[in-house]
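Residues take their numbers from the sequence shown, with the count starting at 1. Bear in mind the structure is a predicted one, so any value in this text is a computation, not a measurement.
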Amino acid sequence: PRKAIDLLGHIGIDTGDLLCQDVSVIKGHTIIREGCWDEHIYEEGAFSLGMRRRLLDGYLLEQAVNQGTHVRFGEKVSAVAYRDGLYTINGYQGGKFVCAVGARGLWNGVPKGQSVGISAQISGECSLPDDRFYYMYHTSGDDRYLWMFPIGDSLWNIGVWFRVQNSMIVR
């Protein structure tokens, strides 16, 4: 959402180039439940972006490197030490560090009550307005839905989401 764009600017990341990429500017969302379509248009100046995850990840990585960040992939971290304002990890030192392990990278399963989603990219023309997120609920409840939103020129992200109620899913 616009708030995320503002936060990136606040930490020194220029988002001007990002907005010039093949992204979709989202100005509202539509909820479809039991055959009824409920349209929500954002207030003036508010927007979200629909974009390919790979594009966002690459852009943020480029911005971090441009600001002097040293990025390391695939290293096993056995300990993090903090002393005199510096972190030491695998022989590297710095005043700040980010540990990115993925949504569930440190835990091997999905706990009871956790949400689960899966999505795919599809390319094609669509008769729906391409400035909206779309959510179609399976039932009157809020525990599962299908989504669809534009992520570029004739490119859409579609997926399903549900909340695990009474069981444990393990990889």
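- In the hydrophobic clustering of this structure, Leu55 groups with Phe47; members are Ile, Leu, Val, Met, Phe, Trp, Tyr whose side-chain heavy atoms approach within less than 4.5 Å, directly or through other members.
- A donor-acceptor contact closer than 3.5 angstrom links the side chains of Asn157 and Trp147.
- Among all heavy-atom pairs drawn from Asn90 and Ser78, the shortest one is OD1-N, 4.2 Å.
- Rounding to the nearest 0.5 Å gives a distance of 11.0 Å between OG1 of Thr15 and CG of Leu7.
- For residues 114-133, the set of pairs meeting the ring pair (Phe, Tyr, Trp, His ring centres under 6.0 Å) definition, not counting sequence neighbours, comprises Phe133-Phe149.
- The salt bridge (Lys or Arg N to Asp or Glu O under 4.0 Å) analysis of residues 72-84, with sequence neighbours excluded, yields no pairs.
- Aromatic ring pairs are classed by plane angle as parallel below 30°, tilted from 30° to 60° and perpendicular above 60°; the pair Tyr145 and Tyr137 is tilted.
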Kindly indicate, with the supporting measurements, whether the criterion side chain to side chain contact (heavy atoms under 4.5 Å, CB included) is fulfilled by Ile26 and Tyr42.
CA-CA 9 Å; Ile26 308 297; Tyr42 301 154; 4.3 Å; yes
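- Residues Trp37 and Ile31 are not in side-chain contact: their nearest non-hydrogen atoms beyond the backbone lie 4.5 Å or more apart.
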Donor-acceptor contacts, no H, no angles, side chain residues 58-66, under 3.5 Å, sequence neighbours left out:
{"unit_1": "Tyr59", "atom_1": "OH", "unit_2": "Asp14", "atom_2": "O", "d": "2.3"}
{"unit_1": "Asn66", "atom_1": "ND2", "unit_2": "Glu62", "atom_2": "O", "d": "3.3"}

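- Among pairs with a residue in residues 35-50, those fulfilling salt bridge (Lys or Arg N to Asp or Glu O under 4.0 Å) read Glu39-Arg132, at least two apart in sequence or across chains.
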Sequence neighbours left out, cut at 3.5 Å: what donor-acceptor pairs do the side chains of residues 119-128 make with other protein atoms?
{"unit_1": "Ser123", "atom_1": "OG", "unit_2": "Ser154", "atom_2": "O", "d": "3.4"}
{"unit_1": "Glu125", "atom_1": "OE2", "unit_2": "Ser154", "atom_2": "OG", "d": "2.7"}

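- Every residue meeting the ring pair (Phe, Tyr, Trp, His ring centres under 6.0 Å) condition with Tyr82, not counting sequence neighbours, appears here in chain and number order: Tyr87.
- Hydrophobic cluster membership differs between Val77 and Val71, with clusters built from Ile, Leu, Val, Met, Phe, Trp and Tyr side chains linked at under 4.5 angstrom.
- Every residue meeting the salt bridge (Lys or Arg N to Asp or Glu O under 4.0 Å) condition with Asp22, not counting sequence neighbours, appears here in chain and number order: Arg52.
- Shortest non-hydrogen contact noted between Val23 and Leu19 is CG2-O, 4.0 Å.
- Taking 4.5 Å as the limit, every side-chain heavy atom of His10 sits out of range of all side-chain heavy atoms of Leu8.
- Cluster annotation: Trp156 is not connected to Leu56 through the hydrophobic network of ILVMFWY side chains, with a link wherever side-chain heavy atoms come within less than 4.5 Å.
- Applying the salt bridge (Lys or Arg N to Asp or Glu O under 4.0 Å) criterion to Arg53, with sequence neighbours excluded, gives Asp57.
- If you take NZ on Lys27 and OG on Ser48, they are separated by 11.5 Å, rounding to the nearest 0.5 Å.
- Qualifying side-chain hydrogen bond (donor to acceptor under 3.5 Å, both in side chains) partners for Thr88, counting only residues two or more places apart in sequence or in other chains: Gln93.
- Applying the ring pair (Phe, Tyr, Trp, His ring centres under 6.0 Å) criterion to Tyr134, with sequence neighbours excluded, gives no partner residue.
- Both Ile32 and Ile158 belong to a single network of hydrophobic side chains, linked directly or stepwise wherever heavy atoms of I, L, V, M, F, W or Y lie under 4.5 Å apart.
- Put simply, the side chain of Val160 does not reach to within 4.5 Å of the side chain of Arg144, judged on heavy atoms.
- What you find for Gly152 and Ser24 is that their closest heavy atoms are N-OG, 3.1 Å.
- Tyr135 is not connected to Leu146 by any chain of hydrophobic side-chain contacts under 4.5 Å among Ile, Leu, Val, Met, Phe, Trp and Tyr, and they are in different clusters.
- The side-chain heavy atoms of Leu49 and Val25, taken from C-beta on, include a pair separated by under 4.5 Å.
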